[in-house]
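The structure appears right after this line, and notes come after that.
Keep in mind that this is a model prediction, so the values were computed, not measured. Letters A, B, ... are given to chains in the order of the sequence lines, protein chains preceding strands, and every chain is numbered from 1. All values below come from the heavy atoms of this structure, side chains included, with hydrogens, waters and symmetry mates left out.
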2 protein chains.
Amino acid sequence: MTKKPEVSRSTERKRGSGVKMVYDLLRDEILDLVLSPGSPIDEVQLAERFNMSRTPIREALVRLAGEGLIQTLPNRSTMVSNIDYLNVSPYFDAMVLMYRATTRLAAENHRESDLAAIRGHQAAFAAAVQAQDALAMIATNAAFHSAIAEAGRNPYFLALFNRILDEGRRFLRLYYQSYEDRLPQRFVDEHEAMIDAIVARDADTAEQLARAHANQIVDQIRSLLISERRLEIAL
Amino acid sequence: MTKKPEVSRSTERKRGSGVKMVYDLLRDEILDLVLSPGSPIDEVQLAERFNMSRTPIREALVRLAGEGLIQTLPNRSTMVSNIDYLNVSPYFDAMVLMYRATTRLAAENHRESDLAAIRGHQAAFAAAVQAQDALAMIATNAAFHSAIAEAGRNPYFLALFNRILDEGRRFLRLYYQSYEDRLPQRFVDEHEAMIDAIVARDADTAEQLARAHANQIVDQIRSLLISERRLEIAL
DNA sequence: TGTGGATTTTTTGTCGACAAACAGTATACA
DNA sequence: TGTATACTGTTTGTCGACAAAAAATCCACA
């Protein structure tokens, strides 16, 4: 006769699920700026919050540190990584290049089944633009381009691109929280043109469209940064 | 009066150094193919080997898993990641693009102090070619291009490029162990031309040279792969 | 009141132990 | 003989506790 444990922890968990839960949640909280950059992370506090030992918490933190989302000083505090506002050019360079590369590869390597996912995200993006929901625009735009990158089937580009999109999620939210600018409808149209080029397997056109699209985004963010800086100087 | 601990572990270690030691060593052993792809990794065995608990071993393994160097099946064995021989095209695509991007950026952004490091690695590479030491060629070539990437000052490209070079270190070693082909002297000359373009801050030429250089390497590896495959078929 | 050193407090890194999950083997049964 | 189930052994995931390291606090002394 097999006996079940009579006394169980208040919230019973499957064996390996704890780290993933903590990792996913912390990751989301960091990227959504619920945990602001620079804020400290306390292992014991997290352990109490999730009713688990420090060991799985620690493993989740090690993973987050590996992605650069948190920083740990040896023997001392660990905190949410800061956003580097001084060097945005490298970020933009990488972003534009990944837009180009992934869209080109999508035109070359996509399969029929990829298109449904891409079109789905594009519809969600159009809806977000219609609703003027800035946060939804950021999320659906990232999902759209990530789907294109998946269709391109290059794991190296996909990994870097997703990292860039994640950082952008943090980065952009800072500005779209204060400025209720809506992304112009033009972005929706450009997305449509990119889809057409991908479907037609026209790699050159797809890359060219992606490049122009990315530069648009960079220009818009740059103008936001400049006006923000003006504001700071004026104060 | 402060008292020192009379009985210490056989090999005393500083507090946070264990994980780094294990991480560095395992990483090197994996990249140098001392640990062959697919071979299992035993936590307890490593713990005994380094005279430490499983906890720091585990942390090092989590980090390696984050970089994709090892794979862990949940609740079951962890092993060295396999090399994917079927999809080499994505690898080559990423390699060529990173060669181009980093060399271009180095021409634009390098400082005077970067050139010494680059020239030093180039001299080491030339020496390795002279000595027909294939393994040294791989290492010094990677160091040379990594130094160029550092001079380009884009952390996103640098991270991806270093990952690509690492994988190449594993990948290439497989072939240069069996085939004692020496990389042609032409590679040394091409490196020199790239340095000149970087010094002259001629971004277009630097990128063009890097592209041709990378394609050379790709062609050589591809021909090795084909002859290898022929050999397999003949057997 | 200010400063330098000793002391306490807090947080991290490491340890040994235990329990769950899975693989392989043995055993019962048809 | 073949199959399903129980058993055993091995490896992983988690836990509570302790020790080391750095910060914060206290305290003596000028």
Find the distance B:Phe50:CZ to C:dT14:C1' and express it as a whole number of Å. 16 Å
For A:Asp42 and D:dA23, what is the distance between atoms CG and P respectively, to the nearest whole Å? 16 Å
Go through C:dC15, D:dT14, D:dT11 for me and flag the one nearest to the A:Pro56 side chain. D:dT14
Whole angstroms only, please: what is the CZ-P distance between B:Arg76 and C:dA20? 16 Å
For B:Leu61, answer base if it contacts any base atom (sugar-phosphate contacts may also be present), sugar-phosphate if it contacts only those atoms, and nothing otherwise; contact means non-hydrogen atoms under 4.0 Å. nothing
Separation of B:Met79 atom CE from D:dT12 atom C1', in whole Å? 16 Å
Looking at C:dG16, D:dA23, D:dT12, which one has an atom nearest to any side-chain atom of B:Thr55? C:dG16
Between B:Asp32 and B:Arg27, does any side-chain N to carboxylate O distance fall below 4.0 Å? no
Please work out if A:Ile41 contacts a base, only the sugar-phosphate, or nothing of the nucleic acid, heavy-atom cut-off 4.0 Å. sugar-phosphate
Rounded to the nearest Å, what distance is computed from the CD1 atom of residue A:Ile57 to the C1' atom of nucleotide D:dG16? 15 Å
Aromatic plane relationship, A:Phe171 with A:Phe92 - under 30° parallel, 30 to 60° tilted, over 60° perpendicular: perpendicular
Counting side-chain heavy atoms from C-beta on, which of C:dC15, D:dT14, D:dT12 comes nearest to A:Ser53? D:dT14
Hey, is CD on B:Glu29 packed in by over 12 heavy atoms from elsewhere, all under 6.0 Å? yes
Tell me which nucleotide among C:dT14, C:dA21, C:dT12 gets nearest to the side chain of B:Asn75. C:dA21
Please give, in whole Å, the distance from D:dC15 P to A:Glu43 CD? 14 Å
Starting at CD1 of B:Ile70 and ending at C1' of D:dT12, how long is that distance when rounded to a whole Å? 13 Å
Given DNA chain C, 5'-ward residue of the pair B:Arg54 and A:Arg15, judged by closest heavy atom: B:Arg54
Could you check A:His121, A:Arg119, A:Gln122 and say which one makes a side-chain hydrogen bond (donor to acceptor under 3.5 Å, both in side chains) with A:His191? A:Gln122
Whole-Å distance between D:dT12 C1' and B:Glu59 CD? 17 Å
5'-most contact on DNA chain C (nearest-nucleotide basis), B:Pro74 vs B:Val19, goes to B:Val19
Please work out whether the ring planes of B:Tyr156 and A:Tyr91 are parallel, tilted or perpendicular, with thresholds of 30° and 60°. perpendicular
Which parts of residues 20-29 of chain B get close to DNA chain C, meaning a heavy atom less than 4.0 angstrom away? none
Donor-acceptor contact present, side-chain A:His110 to main-chain A:Ile198, <3.5 Å: yes
Between D:dC15, C:dT12, C:dC22, which nucleotide gets closest to the side-chain atoms of A:Thr78? C:dT12
Crowded around A:Met79 CE? As in, over 12 foreign heavy atoms under 6.0 Å? yes
